[in-house]
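Worksheet: the structure to be examined is printed underneath.
Here is how names work: the chains are called A, B, and so on, in the same order as the sequence lines, proteins then strands, and each is numbered from 1. The figures that follow rest on heavy atoms only: side chains count, while hydrogens, waters and symmetry mates do not.
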There are 2 protein chains.
Amino acid sequence: MSKATRTPEGAFPGIRHDHGDCVAEALSAAEALCAQRGVRLTELRRRVFELVWSSHAPVGAYDLLSRLAREREGAAPPTVYRALDFLKEHGLIHRIESLNAFVGCRTPGQAHAGQFLICSECGMAAEIDDSRVNAAIDRRAKEIGFAVHSKTIEVEGLCPPCRDRAGEDGHGIG
Amino acid sequence: MSKATRTPEGAFPGIRHDHGDCVAEALSAAEALCAQRGVRLTELRRRVFELVWSSHAPVGAYDLLSRLAREREGAAPPTVYRALDFLKEHGLIHRIESLNAFVGCRTPGQAHAGQFLICSECGMAAEIDDSRVNAAIDRRAKEIGFAVHSKTIEVEGLCPPCRDRAGEDGHGIG
DNA sequence: GAATATTAGGTTATAATATAACATATCTTG
DNA sequence: CAAGATATGTTATATTATAACCTAATATTC
Ligand SMILES: [Zn+2]
Ligand SMILES: [Zn+2]
Ligand SMILES: [Zn+2]
Ligand SMILES: [Zn+2]
């Protein structure tokens, strides 16, 4: 159990990590990727991207919209959905199907399936990319003769801190 | 490649399989399970279950509603959503998060994660339960210290027949 | 078997999520 | 600047899902 609470690749950043660093890193990766592809990370898209990155918990489109509306009058659903479409298309964010919500991608530009551990207590989502999971799915699909295009893997449960908290006072009924 | 087109556990039933058998089997399993649990598979719930089982492709709630409305005047969204909630609660159907749709469960009563291969061409969904996939996820979650409650695994692609059709005429542009 | 509690369903309204369609603005390129 | 392409504004509407309140059916208790 000595390594049980380590978080490989910083899957769940601690509650006191410097999130400004996360955002800065994500923004600079996004800028680089857009420049490389010759697409425009406009003011609006960049702002929506920042709002998605406001935490490690997936955010709903209308949450984003209400925040955006504070700074942009006339912001409407298409405003945010179009930006989200762009960001998704370029792999800068992922959509969490089981939550109808969006979260920043930690490794934009790299091909990956998008596997998530999502805490139902605090809402945090950790993106992982486990090659064994991918291999197991690909192998089974191949056995069946199914041609895989994309995978949605969303695991719901409790992140380490929330699991520990639940263990402390969650065993009794009262 | 000799076994590549076999379908273990009949993942994708052929286009000419006797689907009446599927429905009959599912209904009788559902009845047994409800009897065993002392819950009521009412007329309405049974009918919604049959409609979900009308094919192996996931069906949207409002699709179900429009079909139900033909035979039940006054059917409204809660009519179908309540039945779906019941069926889901008892593991008789699964919700496909990436499609906002519902599909019958092939192994009700048994604990399983609900893993799906979904054909984007014909809409068919095959439920699998690959222990390697589960083990890989559980192992990675354990490394991270994440307590898994439930898994959403939905793989999009082409089922064997659709893949073959695509291979025949889908390589060129014109 | 009537009284009561529980569960299921009917009905109306509304919430939450997402897109269509068309107008205007901005950027790119020549 | 003209022309085309891309991005955004704007209004309306589609799609998916739930809230709230009421009535009916079924189960439980006396
Ligand atoms: Zn952070
Ligand atoms: Zn948590
Ligand atoms: Zn069938
Ligand atoms: Zn198919």
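Under the salt bridge (Lys or Arg N to Asp or Glu O under 4.0 Å) criterion, A:Glu71 pairs with A:Arg47, sequence neighbours left out. Listed by chain and number, the residues in a side-chain hydrogen bond (donor to acceptor under 3.5 Å, both in side chains) with B:Ser120 are B:Glu156 (sequence neighbours excluded). Under the salt bridge (Lys or Arg N to Asp or Glu O under 4.0 Å) criterion, B:Arg139 pairs with B:Glu143, sequence neighbours left out.
Less than 4.0 Å separates DNA chain D from at least one heavy atom of each of the following residues of residues 32-43 of chain B: B:Arg40. Using a 4.0 Å cut-off on heavy atoms, the residues of residues 63-91 of chain B that approach DNA chain D are B:Pro77, B:Pro78, B:Tyr81, B:Arg82, listed by number.
Using a 4.5 Å heavy-atom threshold, the side chains of A:Thr42 and A:Phe86 count as separate.
Between B:Tyr62 and B:Leu44, the one whose closest nucleotide on DNA chain C sits nearer the 5' end is B:Leu44.
Spacing between atom CG of B:Asn100 and atom P of C:dT19 amounts to 10 Å, rounded to whole angstrom units.
Using a cut-off of 4.0 Å between Lys/Arg side-chain N and Asp/Glu carboxylate O, B:Asp85 and B:Lys88 are scored as salt-bridged.
Considering CD1 of B:Ile153 and CD1 of B:Ile128, their distance stands at 8.0 Å, rounded to 0.5 Å.
Screening residues 53-68 of chain B for side chain to side chain donor-acceptor pair (under 3.5 Å), with sequence neighbours left out, gives B:His17-B:His56, B:His19-B:His56, B:Ser54-B:Arg67.
Under the 4.5 Å side-chain contact rule for hydrophobic residues, A:Leu68 and A:Leu92 share a cluster.
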